There are 2 protein chains.
Amino acid sequence: MSFDAEPPFKPTDPTEMMAPICSVFRRFLKSRGLKYTPERAAILDAIIDRDEVFEVEEILLQMTGSAARVSKATIYRTIILLTEAGIITQALFDSKQSHYRLIYGREPQDQMVCMRTGKLVEFTNEEVIELRNRICKELGWNPIGHRMHIYAHSPEDSEEAPPSTPE
Amino acid sequence: MSFDAEPPFKPTDPTEMMAPICSVFRRFLKSRGLKYTPERAAILDAIIDRDEVFEVEEILLQMTGSAARVSKATIYRTIILLTEAGIITQALFDSKQSHYRLIYGREPQDQMVCMRTGKLVEFTNEEVIELRNRICKELGWNPIGHRMHIYAHSPEDSEEAPPSTPE
DNA sequence: GTCGGTGCAAATGCTTTGCATTGAT
DNA sequence: ATCAATGCAAAGCATTTGCACCGAC
């Protein structure tokens, strides 16, 4: 799955996070009768290292330099598995290509985007979660996760410019 | 632009809405030295008729039956203009293809998606808007719009199924 | 030896673009 | 005549898939 209001642990740095996520992935693969291959491990490592919203091309580039080079097809195939394992999720920023981000062990993250500069600020806000749960409750739904994007102008950018469109 | 917390008018039915939106589009085109052609008018009408989240293929199909047949390329080109005019916006549901929806004269709409069935419920919630504004204020940003997707299980679907991933 | 995994290249499918034609002013 | 709009077909591009080869158990 994708969002988790109560993550099993709250890592503070990538290294600390690495080991548990790998085990989670390993267990997930095992439960499906699949293998934890060096390629899959390397891809997951690259994603954890990057530690931000990413796209496939970026991971490919990042890995090209290192010894652990994998094909684009393998990255795509691994991303599907990582998503099913609940380790990453799609970010849905623009329609041109897919963006993903790490979610395992993370607070759900909301985003604020500057309409002029494209600057992105991520935040976690308890009230968003509460409101989401309340809305679900009123309608009799069972909340799983949410995605909140706020489009705004950041304080630094006060010059006049034609606003762009949120995608 | 795309979201508008205070729309200039609040139409109740598509017909009532039609005329003003057309004028808005006409004025927008004029301001750019572009023409309000029969094709563009027909595409806008089709979108207003449909009155829900749509994709290009659907509009094409819908128009194929009628006398006003246009090419797919023209629809794509018109959609760009309608977006720039602030009449429609991209919906960003899945990464496979683009979805759009009418926003001119509408309350900003939030969405609840059932993770099992894909069922989509749209709603407007004042609290979401207030919360969004409050978050912006705290950070010194100037709110323009937002996008709120809630992923949940709808009450009808209580059978056991592997949860899918929000895209 | 069976099965899954990988890389490569080819295929897919949505979207964009080039171009010749058409239409409005 | 000029300048933009349209339709068609071709091109682009991110993503998926088919297939031959490889490696682990």
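Residue numbers start from 1 in every chain, and the chains themselves are labelled A, B, ... in the order their sequence lines are given, proteins ahead of strands. Side chains included, hydrogens not; waters and symmetry mates left out as well; all remaining heavy atoms used. No experiment lies behind these values; they were computed from the predicted model shown.
- Summarising the geometry, the separation between CD on A:Gln97 and P on C:dC14 is reported as 18 Å, rounded to the nearest angstrom.
- Here C:dA24 presents its P atom at 17 Å from NZ of B:Lys30, a figure rounded to the nearest Å.
- Here the C1' atom of nucleotide C:dC14 and the CD atom of B:Gln90 are 12 Å apart, to the nearest Å.
- A sub-4.0 Å separation between OP1 or OP2 of C:dT16 and a side-chain N or O of B:Tyr76 is absent.
- Sorted pairs that involve residues 114-142 of chain A and meet ring-ring contact (aromatic ring centres under 6.0 Å, His included), not counting sequence neighbours, are lacking altogether.
- Overall, the helix from C:dG1-D:dC25 to C:dT25-D:dA1 carries an axis bend of 10° between its ends, with five pairs at each end and the value rounded to 10°.
- In this structure, B:Glu84 CD and B:Leu29 CG are separated by 10.5 Å, a value rounded to the nearest 0.5 Å.
- Hydrophobic clustering (ILVMFWY, side-chain heavy atoms < 4.5 Å, transitive): A:Ile87 and A:Ile75 are in one cluster.
- The one candidate from A:Asp49, A:Leu81, A:Ile88, A:Ile21 that meets the side-chain contact (heavy atoms from CB on, under 4.5 Å) condition with A:Leu44 is A:Ile21.
- The aromatic rings of B:Phe25 and B:Phe28 sit parallel to each other, their planes meeting at less than 30°, with 60° as the upper class boundary.
- Minimum heavy-atom separation, B:Ala46 to B:Gln62: O-NE2, 3.1 Å.
- When the P atom of C:dC14 is taken as reference, atom CD1 of B:Ile80 falls 17 Å away, rounded to whole Å.
- B:Ser98 has a side-chain polar atom (N or O) that falls below the 4.0 Å cut-off from OP1 or OP2 of C:dT15.
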Task: Sugar-phosphate or base contact per nucleotide [nucleotides 4-13 of chain C; S, B, -; heavy atom under 4.0 Å] - done: SSSBB-----

Give every donor-acceptor pair under 3.5 Å between a side-chain atom in residues 36-43 of chain A and any protein atom, sequence neighbours left out.
{"residue": "A:Thr37", "atom": "OG1", "partner": "A:Arg40", "partner atom": "N", "Å": "3.1"}
{"residue": "A:Arg40", "atom": "NH1", "partner": "A:Lys35", "partner atom": "O", "Å": "2.8"}

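- Between A:Glu58 and A:Leu61, every side-chain heavy-atom pair lies at or beyond the 4.5 Å cut-off.
- Considering every non-hydrogen atom in both A:Ser71 and A:Leu60, the closest pair reads C-CD1, 4.3 Å.
- Among residue pairs with one or both ends in residues 50-92 of chain B, those qualifying as ring-ring contact (aromatic ring centres under 6.0 Å, His included) are B:Phe54-B:Tyr100; sequence neighbours excluded.
- Here the closest non-hydrogen pair linking B:Met63 and B:Ala68 is CE-O, 3.3 Å.
- In the 5' to 3' direction, nucleotides of DNA chain D lying under 4.0 Å from heavy atoms of chain A begin and end at D:dA14 to D:dG23.
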